[in-house]
S.K.: 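Here's a structure for you.
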Number of protein chains: 2
Amino acid sequence: MAAVDLTAHPGHLARRLQQAHYLLWNTMVSEEITSPQFAVLNALVAEPGLDQRTVGERVGLDRSTIAEVISRLGRRGLLDKVRDPQDGRRSLLRLTDDGVRTHRKLTVRTARMNQVFLAPLSVDEQTVFFDLIRRVSDAAEELRNPADPLATPS
Amino acid sequence: MAAVDLTAHPGHLARRLQQAHYLLWNTMVSEEITSPQFAVLNALVAEPGLDQRTVGERVGLDRSTIAEVISRLGRRGLLDKVRDPQDGRRSLLRLTDDGVRTHRKLTVRTARMNQVFLAPLSVDEQTVFFDLIRRVSDAAEELRNPADPLATPS
DNA sequence: CGTGATTAATCAGGGCACTGAGTATTTCAG
DNA sequence: CTGAAATACTCAGTGCCCTGATTAATCACG
């Protein structure tokens with residue numbers, strides 16, 4: 001009585017989608033490096049020397065989570081972390097050679113995995129899929145951070 | 001060099017979508033009860049007396065996670081857990097009055113939240129959104145569980 | 001110059017999610 | 001009827017994800 005159909009709840013679907021992805025990643029990409037870890041490696045390939053907070057911003061990880069992820073990557077020797085001499089609060093991050101190698105290797109595999117993951121959709125549908133998820137995510141993000149860069153200036 | 005655009009990676013988008021949902025849930029629905037916890041309550045409203053494993057199956061939580069979630073709900077007095085007299089391996093679950101009340105209260109709020117969450121999409125787009133995510137999730141699930149109920153029998 | 005606000009990082013704590021191993025109970029084959 | 005397989009659950013371990021509080025460094029303003 002009064003129970004709800006969860007399959008019409010976007011949150012439930014989002015969770016299931018992520019679980020599905022997690023599983024596929026685990027079998028097709030890596031059991032060592034997780035998807036968020038790969039995102040961090042990728043951000044540092046694009047912009048070496050970023051500080052911890054900014055990396056978190058780039059990949060969508062909050063201050064606590066990014067700290068953990070970076071600590072793990074550092075422990076495995078995939079990146080180096082040094083205090084910024086200009087600003088003693090910051091930690092600057094840079095991939096090691098091993099980190100770069102790992103990123104390159106996983107890049108190939110993630111591409112394959114994404115193909116398999118999206119295989120049930122036509123190419124057009126894939127585009128829509130990306131667009132819809134992005135719009136919903138961005139809007140929710142916006143609710144939190146009323147950044148309004150297009151507000152009418154005085 | 002050789003960095004990838006994460007916004008074209010479904011896994012990354014799935015994670016962001018879930019984060020966005022988590023945040024909205026936290027502010028619009030409840031800081032006490034999480035979305036997976038609500039899913040469990042909902043499953044038990046629909047089918048009281050289910051065993052733990054089946055509840056997990058209904059809401060998409062694995063054996064370990066469902067155990068934790070149920071333990072928390074039990075600790076808060078929202079459900080009761082009794083050994084099945086017919087089969088000593090099973091734990092049968094049933095909501096308390098407080099559990100039913102909580103479910104009813106949150107049902108209203110989740111409906112409101114879903115509206116806000118999906119507001120950036122037109123009604124037609126919402127339908128597509130559900131359909132695409134469901135198809136991708138189901139297909140990935142299928143890769144894990146080759147249940148193939150429509151395989152050609154001998 | 002110095003004090004108060006801001007900022008980067010850390011820590012403690014709670015919750016979700018998975019795997020692999022272990023325990024208890026039931027089921028079923030021989 | 002008994003021992004092996006299957007099943008439900010638990011436990012240990014790893015990792016992601018968030019909040020609130022704390023610490024250290026920088027910055028801004030008077």
Side-chain angles (χ1 to χ4, degrees), chain A residues 11-12 14-27 29-40 50-57 59-76 81-93 140-141 144, chain B residues 11-12 14-27 29-40 50-57 59-76 81-93 140-141 144:
Chain A
H12 185 70
R15 192 166 60 77
R16 282 200 56 213
L17 184 66
Q18 219 211 332
Q19 285 172 356
H21 175 262
Y22 174 91
L23 259 5
L24 204 56
W25 179 282
N26 229 3
T27 61
V29 180
S30 171
E31 294 184 345
E32 316 286 323
I33 307 297
T34 66
S35 169
Q37 285 172 17
F38 174 74
V40 168
L50 278 187
D51 68 303
Q52 190 168 311
R53 190 196 67 78
T54 309
V55 172
E57 203 174 85
V59 302
L61 293 174
D62 71 300
R63 65 202 191 290
S64 285
T65 307
I66 192 68
E68 292 178 27
V69 172
I70 283 176
S71 147
R72 277 185 278 269
L73 290 174
R75 225 188 299 134
R76 289 180 205 174
K81 177 170 159 182
V82 298
R83 263 283 180 285
D84 185 345
Q86 253 70 51
D87 184 341
R89 293 167 301 181
R90 286 188 169 80
S91 290
L92 303 186
L93 306 169
E141 182 90 6
R144 257 187 96 51
Chain B
H12 184 69
R15 192 166 59 76
R16 281 200 58 213
L17 183 67
Q18 218 212 334
Q19 284 171 358
H21 175 261
Y22 174 91
L23 259 6
L24 205 56
W25 178 282
N26 228 4
T27 62
V29 180
S30 171
E31 294 184 347
E32 316 287 322
I33 306 296
T34 65
S35 169
Q37 285 171 18
F38 174 74
V40 168
L50 278 187
D51 69 303
Q52 191 168 311
R53 190 195 66 79
T54 308
V55 172
E57 202 174 88
V59 302
L61 293 174
D62 71 300
R63 66 202 191 287
S64 286
T65 306
I66 192 68
E68 293 179 26
V69 172
I70 284 177
S71 146
R72 276 185 278 270
L73 290 174
R75 225 187 300 133
R76 289 179 205 175
K81 178 169 158 181
V82 297
R83 266 272 180 292
D84 184 345
Q86 253 69 52
D87 184 341
R89 293 168 299 181
R90 286 188 170 81
S91 291
L92 303 186
L93 306 169
E141 183 89 5
R144 255 186 99 51

S.K.: Could you state the atom-to-atom distance from CD of A:Gln52 to C1' of D:dA24 in whole Å?
M.R.: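 To the nearest whole Å, that distance equals 14 Å.
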
S.K.: Would you please confirm or rule out a distance under 4.0 Å between OP1 or OP2 of D:dT10 and any side-chain N or O of B:Lys81?
M.R.: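 Checking D:dT10 against B:Lys81, a side-chain N or O does come within under 4.0 Å of OP1 or OP2.
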
S.K.: With a 4.5 Å limit on heavy-atom distance, are the side chains of A:Ser35 and B:His12 in contact?
M.R.: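 Not in contact.
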
S.K.: If the sugar-phosphate is the primed atoms plus P, OP1 and OP2 and the base is the rest, what is the B/S/- string for nucleotides 15-22 of chain C, using protein heavy atoms under 4.0 Å?
M.R.: SBBBBBB-

S.K.: Taking the side chain as everything from C-beta on, heavy atoms only, tell me whether B:Lys81 gets closer than 4.5 Å to B:Gln52.
M.R.: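 The answer is yes, as the side chains (C-beta and beyond) meet within the 4.5 Å cut-off.
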
S.K.: Does the side chain to side chain contact (heavy atoms under 4.5 Å, CB included) test come out yes or no for A:Val69 and A:Leu73, once each step is laid out?
M.R.: CA-CA 6 Å; A:Val69 172; A:Leu73 290 174; 4.1 Å; yes

S.K.: From A:Asp87 CG over to A:Arg90 CZ, what is the distance, rounded to the nearest 0.5 angstrom?
M.R.: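 One gets 4.5 Å once the value is rounded to the nearest 0.5 Å.
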
S.K.: How long is the span from the CD1 atom in A:Ile70 to the CD atom in A:Gln37, to the nearest 0.5 Å?
M.R.: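 A:Ile70 atom CD1 to A:Gln37 atom CD measures 11.0 Å (nearest 0.5 Å).
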
S.K.: Measure the distance from CG on B:Leu17 to P on D:dC17 and round it to the nearest whole Å.
M.R.: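 After rounding, the reported distance stands at 13 Å.
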
S.K.: Quick one: side chains of residues 16-26 of chain B, donor-acceptor pairs under 3.5 Å with protein atoms, not counting sequence neighbours, listed by atom name and distance.
M.R.:
| residue | atom | partner | partner atom | Å |
| --- | --- | --- | --- | --- |
| B:Arg16 | NH1 | A:Asp138 | OD1 | 3.4 |
| B:Arg16 | NH2 | A:Asp138 | OD1 | 3.0 |
| B:Gln19 | NE2 | A:Gly60 | O | 3.1 |
| B:Trp25 | NE1 | B:Ile33 | O | 2.8 |

S.K.: In whole Å, I'd like the distance from the CG atom of A:Asp51 to the P atom of D:dT26.
M.R.: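 So the CG-P distance, A:Asp51 to D:dT26, works out to 14 Å.
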
S.K.: Distance check needed: D:dT14 C1' versus A:Leu73 CG, whole Å only.
M.R.: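 The answer, rounded to whole Å, is 14 Å.
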
S.K.: Starting from C1' on D:dC16, measure out to NE2 on A:His21 and report it in whole angstrom.
M.R.: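 For the pair A:His21 NE2 and D:dC16 C1', the rounded distance is 14 Å.
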
S.K.: From CZ of B:Arg90 over to P of D:dC9, roughly how many Å is that when rounded to an integer?
M.R.: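 Value for this atom pair: 7 Å.
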
S.K.: Do you know which of B:Val40, B:Asp51, B:Val55, B:Val82 makes side-chain contact (heavy atoms from CB on, under 4.5 Å) with B:Leu93?
M.R.: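 The passing option is B:Val55.
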
S.K.: Using only atom types and a distance under 3.5 Å, with no angle test, would you say the side chain of B:Arg83 pairs donor to acceptor with the backbone of B:Gly88?
M.R.: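 Yes; judged by distance alone, with no hydrogens or angles, the pair exists.
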
S.K.: What N/O pairs connect the protein and nucleotides 24-26 of chain C at under 3.5 Å? Give each pair on its own line.
M.R.:
| residue | atom | partner | partner atom | Å |
| --- | --- | --- | --- | --- |
| C:dT25 | O3' | B:Gly88 | N | 3.4 |
| C:dT26 | OP1 | B:Gly88 | N | 2.7 |

S.K.: Is A:Arg15 close to B:Leu61 at the side-chain level, that is, under 4.5 Å between some pair of heavy atoms?
M.R.: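 A side-chain contact under 4.5 Å exists here.
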
S.K.: Starting at atom CH2 of B:Trp25, determine the distance to atom P of D:dT19, rounded to an integer number of angstrom.
M.R.: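 Taking CH2 of B:Trp25 and P of D:dT19, I get 16 Å after rounding.
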
